[in-house]
Number of protein chains: 2
Amino acid sequence: MSLDRQQKRTTIYDLAELAGTSASAVSAVLNGNWKKRRISKQLAEKITRIAEEQGYALNMQASLLRREKSHIIGMIVPKYDNRYFGSIVELFETMARDKGLFPLITCTRRDPALEIEAARTMLSYQVDCVIATGATDPDRITELCAAAGVRTINLDLPGKLAPSVISDNFAGARELTRRILVSCHQRFGAMEPLMFVGGRGGDHNTMERLRGFRQAHADHGIDLEDDRVIACGYAPEKAQSALQERAASGLPFSRGMFVNSTITLEGVLRWLRLAGPVSEQEFALGCFDYDPLVALLGDNIEMVRQDVPAMLTRMFELIEHGSFEPTVSEIPPLLR
Amino acid sequence: MSLDRQQKRTTIYDLAELAGTSASAVSAVLNGNWKKRRISKQLAEKITRIAEEQGYALNMQASLLRREKSHIIGMIVPKYDNRYFGSIVELFETMARDKGLFPLITCTRRDPALEIEAARTMLSYQVDCVIATGATDPDRITELCAAAGVRTINLDLPGKLAPSVISDNFAGARELTRRILVSCHQRFGAMEPLMFVGGRGGDHNTMERLRGFRQAHADHGIDLEDDRVIACGYAPEKAQSALQERAASGLPFSRGMFVNSTITLEGVLRWLRLAGPVSEQEFALGCFDYDPLVALLGDNIEMVRQDVPAMLTRMFELIEHGSFEPTVSEIPPLLR
DNA sequence: AAATCTTGCTTCATCGATTGAGCAAGTGCG
DNA sequence: CGCACTTGCTCAATCGATGAAGCAAGATTT
């Protein structure tokens, strides 16, 4: 590693010397409370000018060491490979900056060990708050942070120890399922039970979506056997091979499918292309998540879009109001 | 903002007191060079145990203030809304961590002012190195960082003042164009000139891709008028309305199109759906960038996938070898 | 026995910014 | 003139971790 820095950086002491004043005055001027510290306007202007000329940059480490709050807000995300998490991160950065906070983001690739490691690192960087997004074990993160006096908020997947902001998975799934059923009925005449593909049996979102999925079937008086549910994880390859296996098993296959994410949808579509029992047009699909490219895949795919702006707005509200109780805010997703 | 931290955190002084030793010994033990500092194994173990019991977390700010290198490596990215940048960020984080560096990532939404602001902030955080990815003005960033003695590397888009790692846009575009032309020929019989949609006329990548696009036409002895090039930016809406306008203008329309990114492709496909002169199947499309969902859109879309692992590997090589000369490394993209 | 070396620590200055306390000069008032 | 008050600054301690220098006690050499 050669990331060598040659010259040493300009400090407030250098500026003080150049301006013929004290470091204390320079600090007061540059961090904006020179009025409170009774520094004259002339000196303030002089210091500001010299700082600009010298290309002075504050040493955050030194500044943060002295201050009690860092105004750093950490976010742990599982992946950057889909529009949902991408927009969460992008909007989070923007909103955090607008509120005067510094966003620090880490991607853990759904690796539980990395999640904990990431939380620990964030604590070292003195974050004021950690947002655990889609974490496999949010409560572990909360415990770790609580021990350091740092609060956490869960996003996308809820935890039991900190406030959570998630989509209303039940309602979204119920409505999505209803639409797929209706589409199946209109296009194929039959009202047969759908299949549910993707997600992890243990995770809260998958369970809630499954509940909505079952409810929609019940709403239409359709019997649903347990073997129609294939919670094979989110990865495309997993979905593809699970469908392959399922097809080989000889169990009945539905022409309507509820797919748990756009990532899983990739696997489902690939399987349909390569080995699907009938043409792709003979399927009615629904996807819990939105991607504009999926919208272009054809009219036979319904989508539910999670309301990222509303979720983040709620999240920052929780931060601002200092809520610590493990409440769950369910944000209605957008259909169409 | 209430991000209040209640208790104050455990420091090495607290641990020293508990262990009946000095802060210096605690520091030496916890940062791993206790052997060099001749601390006994017993004391080392005692300190380690107490640190764990107390859930001690290093104060990075204090540590970094004292050290000369921060081992923080910054990356500036324009967007998180596509697979290309998503995989760059994800792999960058992984590789940086493997090399013992701490990745600090900031998204600037292609806003030139934010880019500069982001670079400045990174300097405040004492980064050892900044990677400017797809920056609108990479040289400005390099200048700013150089003034603070911080090196930069340009990724995706080259600059004149620092080493750059980019795709071989010319070769990639030439081959992609060739394939679209062949596909057009096979499917529609004709060898007509293609259209080029998306990108910004000024940016290096667009210019190089255009050069490859023109070269491929020349290779096949096809005349290409300038009005077939629509460099309307990357946004889908821009592409959609530009195509709309172009169709209205009465100028000749090609059945083959070279689209400059998956994001732009969204707009192209939307326009084809809504207002395309003939069915989508009557078009041969090529896209400079890869998205697995696009691969599912049909067989009539060729794609070029930029070789992100090779690009990042090269980038870290440049860092390790301490190269400062503004060389340009062109990484061949992957076709299929 | 004296000189030297080794072991295992501690002491203290330092990194750069922040902030309470303090101080000198000037202003206002009776 | 003397006292209080304001203005405009400087001084010095501090945040937590680090590491060069130093020191005491025991081990080894001459």
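Given the structure is predicted, the values throughout are model-derived calculations rather than measurements. Residue numbers begin at 1 in each chain, while the letters A, B, ... track the order of the sequences.
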With heavy atoms under 4.0 Å as the rule, sort L30(B) into base, sugar-phosphate or nothing.
-> nothing
Are N82(A) and Y234(A) linked by a side-chain donor-acceptor pair shorter than 3.5 Å?
-> no
Counting only distance, no hydrogens or angles, is the base of dG8(C) paired donor-acceptor with the side chain of R37(B) under 3.5 Å?
-> no
Starting at OH of Y13(A) and ending at P of dA12(D), how long is that distance when rounded to a whole Å?
-> 12 Å
Across the strands shown, which category fits L58(B) at heavy-atom distances under 4.0 angstrom: base, sugar-phosphate, nothing?
-> sugar-phosphate
I39(B) atom CD1 is separated from dC9(C) atom P, nearest whole Å, by 6 Å
CD of Q61(A) versus P of dT18(C): gap in Å, rounded?
-> 13 Å
Check every strand shown and say whether L43(B) touches a base, only sugar-phosphate, or nothing at a heavy-atom separation below 4.0 Å.
-> sugar-phosphate
When all nucleic acid strands are considered with a 4.0 Å heavy-atom cut-off, which category describes S27(A): base, sugar-phosphate, or nothing?
-> base
Can you check whether S70(B)'s main-chain N or O pairs, donor with acceptor, with D128(B)'s side chain at less than 3.5 Å?
-> yes
So, do I166(B) and H204(B) sit near enough that their side-chain heavy atoms are less than 4.5 Å apart?
-> yes
Side-chain contact test, heavy atoms from C-beta onward, threshold under 4.5 Å: evaluate it for P78(B) versus R110(B) and give yes or no.
-> yes
Should N31(A) be listed as having a side-chain N or O under 4.0 Å from OP1 or OP2 of dT18(C)?
-> yes
Any side-chain donor-acceptor pair under 3.5 Å between S167(A) and Q306(A)?
-> yes
If only side-chain N and O atoms of S22(A) are considered, is one of them under 4.0 Å from the OP1 or OP2 phosphate oxygen of dT10(D)?
-> yes
Under-3.5 Å donor-acceptor pair between R66(B) side chain and dT14(C) base | yes
T21(B) vs A62(B), nearer the 5' end of DNA chain C by closest nucleotide | T21(B)
What is the distance from CZ of R38(A) to C1' of dA24(C), rounded to the nearest Å?
-> 12 Å
Assign S24(A) to base, sugar-phosphate, or nothing according to its heavy-atom contacts below 4.0 angstrom with the strands shown.
-> base
